[in-house]
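A short worksheet on the structure shown next.
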Amino acid sequence: MNIHAIHIYGYGKFANQTFRLSPSNLHLIYGLNEAGKTTLMSFIESVLFGFPKTKRYEPKTGVIYGGMLEVGHPDFGQIRIERTAGKPERVTVYLEDGSTKPEGFLNELLSGIDRQLYKAIYSFDVFGLQEIHKFNRDKIGRFLLFSSLFGSDAISKLDAGLVKKQEELFKPNGRKPELNQELDRLKRLSEDLKKAKAREGGYYRLLNEKKGAEASIKESGQLLKDLEHLVLQIEQAIEILPAAAEMRQLKEQLASLGGSEESRFPEGGLFELEKLESHLHPKAAQLKALEEKKRGLEQRAAAFAPAEDFLEHEAEAEELLTAYPFYQSYTEKIASLTEQLHQINGRVQAGLDRLQIEEYDILNADTTYEYEWKLQETVQAYIELRELKRSLDERFEQARADLEEAEQAHAALSNEVMPDDVRKQKEETLGRLASAGGHAGRREELILQLSYLKQEQKVRMKRRRTAFAGALCAAFAAAFAALFFKEWFPGALLAPILLIFAAFILKKPEPSAAAAFIQKQLDDIDHSGSKGGVSDSALREELWKDDQTRQLLIAKQAELRQKEAEYERAIQKFEEWEKDIRPYQEKTERYLKELNLSIDPSFLADAYALIKELREEILKKRDIEKELSRLHAKKASFEAGLRKLVTSLSLAGGSVQEQVFQLKSELESQKEKLRQKQEADVSLKHAAEQIKELAKEVEYFQSQIAELFQKAGADGREMFVGLAKRDQARKELTARLGQLKRELGRQDEKAVMLASGHSLAELKGKLAETQEKRARIEKQLTEERQTAANFHAELARLEESGAVSELAYQTGMQKERVAELAKKWAAVKLIRQAVQNKIDEHKKVRLPKLLQTAETLLNPLTAGQYEKIYFSETDDSMMVMRKDGALFCAHELSQATCEQLYLAIRFALALSHQKNVKLPFQLDDSFVHFDQERFKQVLNILKKLSGEDQQILYFTCHEHVREAFRDEDVILLPSGMKKVEGKEMTNK
């Protein structure tokens, strides 16, 4: 039973959703957390087995709670199972022919499997594997055993619970169990009762006398009952006395009829004669009519005679006519495949022209995953290094430009530096002027004074600016206060005054008289110096400028050395890059040589992908060419066979279609003649068989009538009728006698005997005698009861102390409690024995077959490392044999191998339940903790199982699991899904 589509009306977060599954049997349902994977699993289980009672998924939007599954069934084809909520739930199964079935039919389809059994056997999750981590070395073997029985250790837990319940009730040497305590208490009460009875010895004597009196009462009572019963029997005999007399009279009449002679007459003989005669007369008339029909059929069969040559070649002609639709399909397929071949040739040739290689190179290319992965890794590294080279080129060009700029700046400054001989002459001239004194010393003094005055003027100007800023802020504050406090007149008066004050402060001060006087003296000294030749100030300025130029030249030299170092580093980076790229260049060249490509290595990955595509296209092209060759051969074979048959039957020629039509028409004509002849032969044969059968029946009925006369001892029909009337009279007497016997049989047997053997007077006398004896017994019984009452009163007096009676009562109650607990203990033991019997049956019958199936799964799961699985009955553990012959217990295996063994057993258990119905597996991220290699092995097992018509639904939120499946087998569940009216989500 495979699910083809899931229609959800309303279930949890889903509303009006449809999920369609691909034709494959292995499906992946992918979605992030909260996407609805668990909800979808629960929906599938709910449609099949009913809505859950605890965690319900009723929709919040008011849509119908429920949905439908479209499933494929091997016997009923495409069916739909619909379940919606209600009291009770509404379940409808729609069959392919349009009919509907109730829920009972669905239960039959599921072979009685309920939700709990389905989840235990067909549902896998990661918690099943995590259970293995909880067990120590001693318990892991039993866990695997019980997993093979019910999918988990539920049976083990049940058995342990029963053992615990038994021990809570009773243990052979225990004190705390409830039954042990009650038995101890009963023992103590019995001892106390025995001691109390010993102290009251007379009690037992009275008790024995009381028992004797009670026995006598019982005996007298029984005798009284017998007498009362005898009185009733005599009274009843008096009532049935007339019927007994009539029965004696009937017996005498039967004896007078001579019943022994007439007993030869068969039972229902007259009716049997009439029945035989009613069958005989129509059969005789029908026999005569059939003989006339037979003569007509013989004449009709002679009129039909089909051609013998067509009948000889009928099988060959039928075979050709049957093959003609295939011949037409060959023609259509040849045209279609020819067109496909043309298109593929075009694509292949275009790819070969792009790559400039031959088909031989494409087919010989290595397309393994490892080769492709290494090639892509090499090309990626090569491209990254090529990109790095561009950045290195930019860095090199920048370093080279910076170096050239630094060299030009250094050369320019070098040209501006004063030559050493010229500088020496100017320094000597300046020295001579300094030694001469005069205006130079005075000029230096005046310059210092003027500099001091200018510095003092700057300080005063800075103070004025600070005062101006303060006055401006005060003016704005006054204006704001006037506006805020609505005192506009003082603010309006104060603000202009402050602004005028600020403008006065900011006014540039005039140069002082002292500064003007000092400047005038400096001008006079400079004028007088210019008349005498070169001034010392000019020489100083030239030397100062040369000092500045020299210092700048030193800085430029340092910068030049830095740029040279950067240029060297850029060159070193190039050398390192060449060293790094060399192995990748060699690898790419080797790949290009292996693939016979002459392209830029940067396009190697794209070219390799194109090679893989072309390889598939070439292989597909060759398959098509083989198929075309096969179809042409079949087409030619059909045409040759048709020509040969047409020639042998001397039919007219023409096209293949005309020849087939002519052959078919002629064959149908001859077959029709043959059919009519065969129908006539069959009818003739049938008529002959009917005549033969009717003759036998007529003879049979005649013999039956003669035998009937013989049984009755009659010579003819008249004598037979007379004997029948006498037999009827005898039967009426017998019937009345039987009726009387039945009436008397319902009476008391002794009453019937009394009525048959006594007269009315004798019965009345016997009745009076019995009544008198009953009165005496009643009086005796009254006296015995009085004696017993006296004994009872005396015993009551002895028991007034309460010792014996109380202990006797407590002992009786304690015995009842012990008996009740013993029943409980026995019931638990019986249930545990049934569980043990089931486990033993599983070990001896089912487990060996299940382990054979598990071995076929364990071998590929462990990559061939382990081959056999054994069961050890000594310690109820599993053992596996490695391929080298070494044998390991379950607790000796690694954690990973133990998980693989558990998976093999679980899969084998599920497959063993697939006799009557195949239900889909639901795997909820069962293998999320597996490494890449183990997951690949499990995925191969899943693909193998799905290839055997077993549907598997794998739910996951992990991207690496999704990448292992084909896109067409993946159903995406977007996170945060909201209700979309009428929207259909389909696996594209």
Side-chain angles (χ1 to χ4, degrees), residues 30 32 347-348 350-406 562-618 930-936 939 956-967 970 972:
Y30 174 80
L32 301 179
R347 292 195 296 270
V348 170
L352 294 175
D353 293 341
R354 286 180 60 188
L355 297 175
Q356 297 297 320
I357 57 177
E358 300 296 332
E359 286 189 9
Y360 174 80
D361 299 324
I362 296 291
L363 294 175
N364 289 337
D366 188 352
T367 57
T368 60
Y369 174 78
E370 182 179 1
Y371 186 87
E372 182 181 5
W373 177 75
K374 290 182 179 179
L375 182 142
Q376 290 180 352
E377 185 182 44
T378 301
V379 172
Q380 182 66 26
Y382 179 79
I383 293 173
E384 290 177 356
L385 289 171
R386 288 277 296 269
E387 293 294 330
L388 179 61
K389 183 177 181 300
R390 279 196 283 271
S391 64
L392 291 176
D393 288 341
E394 294 175 359
R395 182 176 178 181
F396 174 77
E397 292 297 330
Q398 184 66 35
R400 185 172 60 80
D402 292 344
L403 180 60
E404 290 178 355
E405 183 181 354
Q562 182 181 359
K563 298 302 181 183
E564 288 175 347
E566 291 179 359
Y567 182 74
E568 291 296 331
R569 283 195 296 271
I571 293 174
Q572 185 179 1
K573 288 289 185 181
F574 261 110
E575 293 175 352
E576 294 175 356
W577 174 83
E578 290 175 352
K579 182 178 179 182
D580 292 338
I581 201 173
R582 188 175 295 112
Y584 293 104
Q585 284 179 333
E586 294 174 355
K587 289 182 180 179
T588 53
E589 290 173 359
R590 176 169 56 82
Y591 285 130
L592 290 172
K593 184 177 179 181
E594 290 175 353
L595 299 174
N596 198 17
L597 295 174
S598 56
I599 59 174
D600 188 284
S602 302
F603 303 104
L604 180 57
D606 296 334
Y608 183 77
L610 181 57
I611 285 174
K612 290 183 65 178
E613 294 178 3
L614 290 176
R615 177 185 174 88
E616 294 178 359
E617 294 285 353
I618 291 171
F930 281 18
D931 56 38
Q932 184 177 3
E933 187 62 29
R934 289 174 63 203
F935 179 74
K936 187 186 298 183
L939 187 59
T956 186
C957 63
H958 296 278
E959 182 67 24
H960 73 278
V961 177
R962 175 188 173 186
E963 294 173 353
F965 286 77
R966 299 182 303 174
D967 292 341
V970 178
L972 300 178

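Counting from 1, the numbers follow the sequence of the chain as shown.
A 4.5 Å side-chain heavy-atom check between Leu375 and Leu595 finds at least one atom pair inside the cut-off. Counting only heavy atoms from C-beta outward, the side chains of Leu972 and Arg962 approach each other to under 4.5 Å.
A salt bridge between Glu616 and Lys612 is absent, with no side-chain N of the basic residue lying under 4.0 Å from a carboxylate O of the acidic one. Electrostatic pairing of Glu377 and Lys374 does not count as a salt bridge here, judged by no charged N lying under 4.0 Å from a carboxylate O.
What you find for Thr368 and Tyr608 is that their closest heavy atoms are O-OH, 4.0 Å. Smallest separation of non-hydrogen atoms from Ile581 and Leu385: CA-CD1, 3.6 Å. Annotation for Ile611 and Ala365: closest pair CG2-CB, 3.9 Å, computed over non-hydrogen atoms. The minimum heavy-atom distance between Ser602 and Ile383, with the atom names listed, is O-CD1, 3.7 Å. Minimum heavy-atom separation, Leu352 to Leu614: N-CD1, 4.1 Å. Scanning all heavy atoms of the two residues, the minimum distance from Tyr30 to Leu32 falls at OH-CD2, 3.8 Å.
Rounding to the nearest 0.5 Å places CG of Leu597 at 6.0 Å from CG of Leu355. For the atom pair NZ of Lys563 and CD of Glu405, the computed distance is 8.0 Å after rounding to the nearest 0.5 Å. The distance from atom OG1 of Thr367 to atom CD of Glu372, rounded to the nearest 0.5 Å, is 8.5 Å. Taking CD of Glu613 as the reference point, atom CZ of Arg347 lies at 10.0 Å (rounded to 0.5 Å).
For the 3.5 Å distance criterion, the side chains of Gln380 and Glu384 qualify, holding a donor opposite an acceptor.
Around atom CD of Glu576, more than 12 heavy atoms belonging to other residues, nucleotides or ligands sit under 6.0 Å away.
Side-chain N or O atoms of Gln376 include none that pairs as donor or acceptor with a backbone N or O of Trp373 at under 3.5 Å.
For residues 578-594, the side-chain hydrogen bond (donor to acceptor under 3.5 Å, both in side chains) pairs, not counting sequence neighbours, are Tyr371-Glu594, Arg590-Glu594.
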